[in-house]
Structures are given as structure tokens and as C-alpha cells.
Amino acid sequence: MPELPEVEVVRRGIAEHAVGRTIAKVEVCHPRAVRRHLPGPADFEGRLASRVLTDACRRGKYLWLTLGGATTGDAIVGHLGMSGQMLVRPVGSADETHLRIRFVFADDGPELRFVDQRTFGGLAVAELVESAFGTVPEPIAHIGRDPLEAGFDASTVVELLRRKQTDVKRALLDQSLISGIGNIYADEALWRAKLHWARPTAKLTRPQATALLTAAAEVMTESLAQGGTSFDALYVNVNGQSGYFSRSLNAYGQAGKPCARCGTEIVREAFMNRSSFFCPRCQPPPRAR
DNA sequence: CCTAACTCCTGCATGC
DNA sequence: TGCATGCAGGAGTTAG
């Protein structure tokens, strides 16, 4: 599940290897990968031919590649979902089993390939629009700033958090409130802030909520410095290499192992049909569940 | 308007 | 061995 740091690693790779190049041809190998491109796969392929990739941008877990050439004002917008990869591969190298979209460039250099085993991810071409937080592709105008953006205002998000009627982990995962956080970094931020996932957001103090946002920014910054979190070959940079942050996780996936702070065994609980990992001593559950 | 359940998908681990 | 089941889960959609 690529989250903000993993997507940023991919963005940097695309910026280095694909930005500035002209697309010669696009091949959609699986229609589901462009299901959010409503005009369909043929339209996706057709409107990208001879366009130039002018920049690689990111907000939260979304990537977009701005387009130049004869026209401007649009971009390829994408989400990696759970298993999506953007790979830079030499022309002629064997197709990946789950190759979904191939970008061939006019310079005959390496291809850009969207590979996605579980097909939760996808790409689309969309217009750029002016939103409250700058110029972004229309489909993601509703998401909030991410904690590593220059314009991220923690005090505003703290007030929004405290106004919500939900539990704190749901709020962390709500991309319209604060973008970029998924299950891994939600659990890590909660562990650092010593908060149980089921704590009601409305009852958080301002210092608690502020500390939680700080923890989220810190853990994602540290992960980025190590190339992101990888459990296996699914989460890789554009060269297919894994990051090392999984060695630094304190809560996520650590069930049965001692808490790095207090030694108590980390516990796994079901949450939203998935998992939450936490230290039952450092992160006591709220009284009323 | 707000919140939460549902749904999409494939590969691997597990159990009988 | 082989089949069924569970699990990984982001976010748009739908229901309440």
C-alpha cells in the first residue's frame, strides 16, 4: 500500500527519467487501469500521443504529470492503489505479468510502464483546475493538503479534526481532511502520539491533535529518507528497488513483538475490515467503545 | 450534510 | 494434492 513517502519516491523517479520527454505512443493493456478515464482506453491512448511530460507533481498519494505540446492545461493523474508501480524499463525488455499501461517515447529511450497486480490503481487524463489549495487535476480537487506540503496548516486541520464525529484513525485516513496517510503511517503516527485508534476525534485536546499531526509528518519524513516502506517486491521505485523503512516500524505489522517504548506486546485489532496495530499500554483504549 | 458500509481485484498463506 | 477461505486494503459509490 504505497502511501505518501512511497509515492514521493516514485514521483522523483519520474521527474528524473520521464519529465521533458515526448510521448510517441501509449498502449492500454488492461481497460480497468483507465476506468476513471470516462471516454475510454482508445481516447486515453489517442489524446496522449505527441504530448510532452512537463512536470511530475504529487499531493498525498496522488501523482500527476502535467502535459505540454500543442495544448496545455491538462495532466495524467494517477493513483497507485495497493499494488501499482511506475517502472522505467528499456524498450524490448520483457513485459511484466501485470503490465497495464505502456508509454513509448519519441526519443526511443526507456519506456514508462504502469504495472499493477491488484488493479486498485489507475490513470486518467484530466483538466487542471484552480482549487482552494492551488492548481490540481479536477478529480483530486477535493482532497486536503498533505503534511509535507509547504502550505499545510496544522492548526486548521486540528480544528477540523475536533469537529468531526468519528474515531481518530478514520479521520487520519480521510483524504479530504489530510491527504497522504494510509494504514501503515496512521498506526505509526498514533503509536508516536500515544493515542488509541478508537479515540473520538471530538474529545482530542488541541495539544493531542497537534502532536498527532506532527508525528504523522515526522514518520513520513523519516520513511522518505530511507526510500519508503517495502515489505516485498510490490512497493518499489521506478528502478524496481525497495526502501528500508519497514525495519523502523514500531506498530504496523508488529503484533506479538515488544513495544519499543515499554516492552508490552503490540496487539492487532480488526478495524474497518482490516487491521490496527497498537501498544495496549502506551495507547490505552477509550473507556466507552 | 455527515458518517459508515460496501465494492472492486489478485496472489499468497493457511487449513482441512 | 487440491480446494476453499482469509487476508492485504484505497477510495469512489451508495445507503442511512
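Residue numbers start from 1 in every chain, and the chains themselves are labelled A, B, ... in the order their sequence lines are given, proteins ahead of strands. Everything numeric here is computed off the predicted structure, so don't read it as measured data.
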When all nucleic acid strands are considered with a 4.0 Å heavy-atom cut-off, which category describes Arg170(A): base, sugar-phosphate, or nothing? sugar-phosphate
Taking side chain as C-beta onward, heavy atoms only, is Ile143(A) less than 4.5 Å from Ser176(A)? no
Keeping Thr201(A) on the side-chain end and Thr166(A) on the backbone end, is there a donor-acceptor pair under 3.5 Å? yes
Using the test side-chain contact (heavy atoms from CB on, under 4.5 Å), find all partners of Ala141(A) that sit at least two apart in sequence or belong to another chain. Val129(A), Ser131(A), Val136(A)
Does the protein touch nucleotides 11-16 of chain C at the base, only the backbone, or not at all? Give it as B, S and - per nucleotide, heavy atoms under 4.0 Å. BS----
Are Leu148(A) and Leu173(A) connected in the hydrophobic side-chain network, where two residues link if heavy atoms are under 4.5 Å apart? yes
Partners passing ring-ring contact (aromatic ring centres under 6.0 Å, His included) against His98(A) (at least two apart in sequence or in another chain): none
All stems that DNA chain C takes part in, i.e. 3 or more consecutive Watson-Crick or G-U pairs with distances under 3.5 Å, are B:2-16 with C:2-16
dC2(B) phosphate, OP1 or OP2, under 4.0 Å from Lys164(A) side-chain N/O: no
For nucleotides 9-15 of chain B, 5' to 3', base contacts (B), sugar-phosphate-only contacts (S) and non-contacts (-) with protein non-hydrogen atoms under 4.0 Å give BBS----
Report, as yes or no, whether the 6.0 Å neighbourhood of atom CZ on Arg261(A) holds more than 12 heavy atoms from other residues, nucleotides or ligands. yes
Check Gln175(A) against Gly180(A) and note the closest heavy-atom contact, atom names and distance. OE1-N, 2.9 Å
Within the 4.0 Å heavy-atom criterion, would you say Arg163(A) contacts the bases, only the backbone, or no part of the nucleic acid? nothing
Just to verify, what does Arg51(A) make a side-chain contact (heavy atoms from CB on, under 4.5 Å) with, not counting sequence neighbours? Leu67(A), Thr71(A), Asp74(A)
